[in-house]
Novice: 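If you scroll down you'll find the structure; I have some questions about it.
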Amino acid sequence: MIHKLLEIIKTLLRNELPDNEISDARINVAIPVGVQNGQTPVIGLYLGIVNISQQTADSISSAVRPQERKDRFVVDNNTPQGPYTLPKTPLESSLVCQVLFNEGQIGEKQRLMIEKKDFTINYLNRQMTFSTDITGASSVRVSYNFPGVFTIREFYQEFFIELFHAPNDQLERLVAVVNAIILTNYDWLLEQFNTIDRTQHTIGNYQSEHTLREIRLVQATPTEIPDTPSLWQLHYSVSGVIKVTKEISSGYGIIEKVVSPGRIGQGVDVDVNLG
């Protein structure tokens with residue numbers, strides 16, 4: 001579930017610990033440190049068990065429901081008009097598109113694009129092509145609904161950081177600093193996992209996406225064995241959400257109008273807002 005989180009933490013520790021603290025250190029992922037001989041400090045990160053909560057707001061169902069998705073495409077100035085291939089097949093008329101100029105800079109501008117006026121979508125191959133010139137744009141952002149079956153479950157997973165050093169007073173200092181680095185970069189870690197490097201596993205029409213909500217330090221445990229360097233274990237718990245999805249490729253659309261019979265011989269249009 002959270003193996004990417006350990007890789008992110010490993011990179012964070014390498015960047016934040018001073019060179020004189022880790023010049024000879026080894027930082028390993030998925031390998032418990034254990035008790036080793038020698039004076040070199042070692043940091044080991046590895047995963048624990050996963051628990052799935054059965055008490056959720058979303059029940060298991062095979063009913064088809066609209067699902068929201070957001071995607072971003074970098075504009076290639078050689079072929080700015082596209083086509084851009086959407087990961088999912090949107091429900092017709094559900095796609096909202098913004099084109100960004102000078103993204104992330106002073107003077108950033110956004111332009112709202114309208115389907116059939118500024119761009120068209122080939123729903124058979126999920127390709128989006130612009131008819132309006134967007135030369136010079138930085139990126140294209142789209143949000144849309146697609147039909148699918150999905151369910152959501154909460155999960156909890158442990159991970160451990162083991163630190164190994166001699167003598168013990170130096171190890172305690174390293175343990176304290178490592179924990180400080182993780183907890184003071186809390187929001188950054190969640191953003192990296194949930195936004196920058198999203199965990200999505202897809203095969204065909206099936207997808208599992210994992211999102212983190214919270215990282216907590218559960219306990220810190222020292223272990224001292226005679227004639228060996230000391231070992232500390234930091235025990236963390238992560239809570240998050242698993243969303244599993246099956247995309248339904250065709251046969252569904254958005255109801256735009258319902259016609260009521262009204263009085264005999266007279267039809268009445270009833271607009272239905274399904275938002």
Side-chain angles (χ1 to χ4, degrees), residues 1-18 21-22 25 27-32 43-58 67-74 87-88 98 100 103-105 108 138-139 141-145 148 150-163 174-202 206-221 232-245:
M1 299 292 178
I2 62 170
H3 186 270
K4 282 186 179 180
L5 177 63
L6 299 193
E7 294 290 344
I8 295 169
I9 291 175
K10 180 178 72 172
T11 300
L12 176 66
L13 293 177
R14 283 179 170 164
N15 291 338
E16 295 298 318
L17 284 171
E21 295 286 351
I22 61 168
I27 303 178
N28 302 316
V29 170
I31 302 175
I43 301 176
L45 301 89
Y46 61 100
L47 297 174
I49 61 173
V50 180
N51 291 304
I52 309 297
S53 172
Q54 300 306 308
Q55 297 180 351
T56 64
D58 180 73
Q67 301 176 68
E68 185 180 12
R69 182 180 175 95
K70 296 180 180 180
D71 293 303
R72 174 182 178 276
F73 305 96
V74 176
K88 303 293 182 182
Q98 286 184 321
L100 279 74
E103 183 180 12
Q105 303 176 26
E108 176 183 306
S138 305
S139 66
R141 292 180 182 175
V142 297
S143 61
Y144 55 92
N145 292 324
F150 69 92
T151 189
I152 298 172
R153 285 289 178 268
E154 293 181 349
F155 76 90
Y156 305 86
Q157 185 168 10
E158 301 172 327
F159 74 90
F160 302 89
I161 299 180
E162 288 187 346
L163 300 102
L174 187 59
V175 168
V177 172
V178 166
N179 185 55
I181 291 172
I182 293 172
L183 296 184
T184 58
N185 287 280
Y186 182 92
D187 291 338
W188 182 84
L189 289 171
L190 294 184
E191 181 183 11
Q192 290 292 311
F193 189 95
N194 294 336
T195 305
I196 306 302
D197 188 15
R198 297 169 64 182
T199 300
Q200 296 177 324
H201 305 294
T202 303
Y206 294 89
Q207 177 177 286
S208 179
E209 181 175 4
H210 310 155
T211 305
L212 303 188
R213 288 180 174 174
E214 185 180 33
I215 303 172
R216 294 187 296 114
L217 174 64
V218 177
Q219 63 183 17
T221 307
W232 272 77
Q233 182 187 79
L234 297 175
H235 176 191
Y236 294 87
S237 176
V238 175
S239 63
V241 172
I242 305 171
K243 182 178 181 180
V244 292
T245 305

Novice: Looking only at heavy atoms, what is the nearest atom pair of Asn185 and Ile181, with distance?
Specialist: ND2-O, 2.7 Å

Novice: With the side chain counted from C-beta on, respond yes when Val218 and Phe160 share a heavy-atom pair under 4.5 Å apart, and no when they do not.
Specialist: no

Novice: Can you give me the closest heavy-atom contact between Tyr186 and Arg213, atom names plus distance?
Specialist: OH-O, 3.6 Å

Novice: I'd like to check the ring pair (Phe, Tyr, Trp, His ring centres under 6.0 Å) partners of Phe155; sequence neighbours left out, ordered by chain and number.
Specialist: none

Novice: Could you give the distance from CD1 (Ile215) to CG (Leu217), rounded to the nearest 0.5 Å?
Specialist: 11.0 Å

Novice: If you take all heavy atoms of Leu212 and Asn194, which pair is closest and at what distance?
Specialist: N-OD1, 2.8 Å

Novice: Lys243 and Thr211: side-chain contact (heavy atoms from CB on, under 4.5 Å), yes or no, with the steps?
Specialist: CA-CA 8 Å; Lys243 182 178 181 180; Thr211 305; over 6 Å; no

Novice: Taking all non-hydrogen atoms of both residues, which atom of Glu103 and which atom of Ser138 are closest, and how far apart?
Specialist: N-OG, 3.2 Å

Novice: Check the pair Lys10 / Glu7 against salt bridge (Lys or Arg N to Asp or Glu O under 4.0 Å), numbers first and verdict last.
Specialist: CA-CA 5 Å; Lys10 180 178 72 172; Glu7 294 290 344; 3.3 Å; yes

Novice: Does some side-chain heavy atom of Leu234 sit less than 4.5 Å from a side-chain heavy atom of Ile182?
Specialist: no

Novice: Taking all non-hydrogen atoms of both residues, which atom of Lys88 and which atom of Tyr144 are closest, and how far apart?
Specialist: N-OH, 3.4 Å

Novice: More than 12 heavy atoms of other residues, nucleotides or ligands under 6.0 Å from OH of Tyr206: yes or no?
Specialist: no

Novice: Determine the minimum heavy-atom distance between Met1 and Phe193, stating which atoms define it.
Specialist: O-CZ, 3.7 Å

Novice: Could you grab the distance from atom CD1 of Ile2 to atom CG of Leu47, nearest 0.5 Å is fine?
Specialist: 5.5 Å

Novice: Rounded to the nearest 0.5 Å, how far apart are NE2 of His210 and CZ of Arg198?
Specialist: 12.5 Å

Novice: Could you give the distance from CD (Gln157) to CD1 (Ile52), rounded to the nearest 0.5 Å?
Specialist: 8.5 Å

Novice: Heavy atoms, side chains only, cut-off 4.5 Å: are His235 and Glu158 in contact?
Specialist: yes

Novice: Report yes if some heavy atom in the side chain of Leu17 is under 4.5 Å from a heavy atom in the side chain of Leu174; otherwise report no.
Specialist: yes

Novice: Starting at OH of Tyr236, measure out to CG of Leu45 and round the result to the nearest 0.5 Å.
Specialist: 9.5 Å

Novice: Hey, what do you get for OG1 (Thr202) to CD (Glu209), rounding to the nearest 0.5 Å?
Specialist: 8.5 Å

